[in-house]
K.L.:
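Quick one: the structure is below, questions incoming.
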Amino acid sequence: MSPDRRLPYPDDVLAHRPRLGLRIAMLRRAARLSQDGLAERTFVSRQSIMRWENGTRDPRYLDLVALAAALNITVSELVDLDADLVR
């Protein structure tokens, strides 16, 4: 396999993409942050925040760490897709 060829995501990962994006959006709103505000706190572009929330891209692990810090939660709380979204 050539190094530039990527393996497809497993179906279970793809199934969680919209839920993770929804969770990021809900937690961002609960923290009263705009996409721009969260982008500034996590040192990424607003477009990255938008793509994560829309489920078209996945945040990298270090992005999850930055998101959790910006939202004053742990990474575990951020990716716990079965947790209540109300804090």
K.L.:
Using a 4.5 Å cut-off on heavy atoms from C-beta on, say whether the side chain of L38 contacts that of L71.
P.N.:
yes
K.L.:
Hey, what do you get for CG (L67) to CZ (R60), rounding to the nearest 0.5 Å?
P.N.:
11.0 Å
K.L.:
I want to check something: taking the side chain as every heavy atom from C-beta on, are I24 and P59 in contact at a cut-off of under 4.5 Å?
P.N.:
yes
K.L.:
If the threshold is 4.0 Å, N to carboxylate O, is there a salt bridge linking E40 and R46?
P.N.:
no
K.L.:
How many angstroms lie between CZ in R57 and CD1 in I49, if you round to the nearest 0.5 Å?
P.N.:
14.5 Å
K.L.:
If you round to the nearest 0.5 Å, how far is CD of Q47 from CH2 of W52?
P.N.:
11.5 Å
K.L.:
With a 3.5 Å distance limit and no angle check, can you tell me whether D80 reaches the backbone of E77 through a side-chain donor-acceptor pair?
P.N.:
no
K.L.:
Count I, L, V, M, F, W, Y as connected when their side-chain heavy atoms are under 4.5 Å apart, and connections chain through other members. Are L27 and V75 then in the same cluster?
P.N.:
yes
K.L.:
Keeping the roles fixed (side chain from S48, backbone from V44), state whether a donor-acceptor pair exists under 3.5 Å.
P.N.:
no
K.L.:
Between R23 (side chain only) and L78 (backbone N and O only), is there a donor and an acceptor less than 3.5 Å apart?
P.N.:
yes
K.L.:
Provide the closest heavy-atom pair for G37 versus S34 in the form atom of the first, atom of the second, distance.
P.N.:
N-OG, 2.9 Å
K.L.:
Between L64 and V79, does the side chain to side chain contact (heavy atoms under 4.5 Å, CB included) criterion hold? Intermediate values first, please.
P.N.:
CA-CA 8 Å; L64 291 173; V79 298; 4.1 Å; yes
K.L.:
Kindly give the heavy-atom pair with the smallest separation between A70 and L33, and that separation in Å.
P.N.:
O-CD1, 4.4 Å
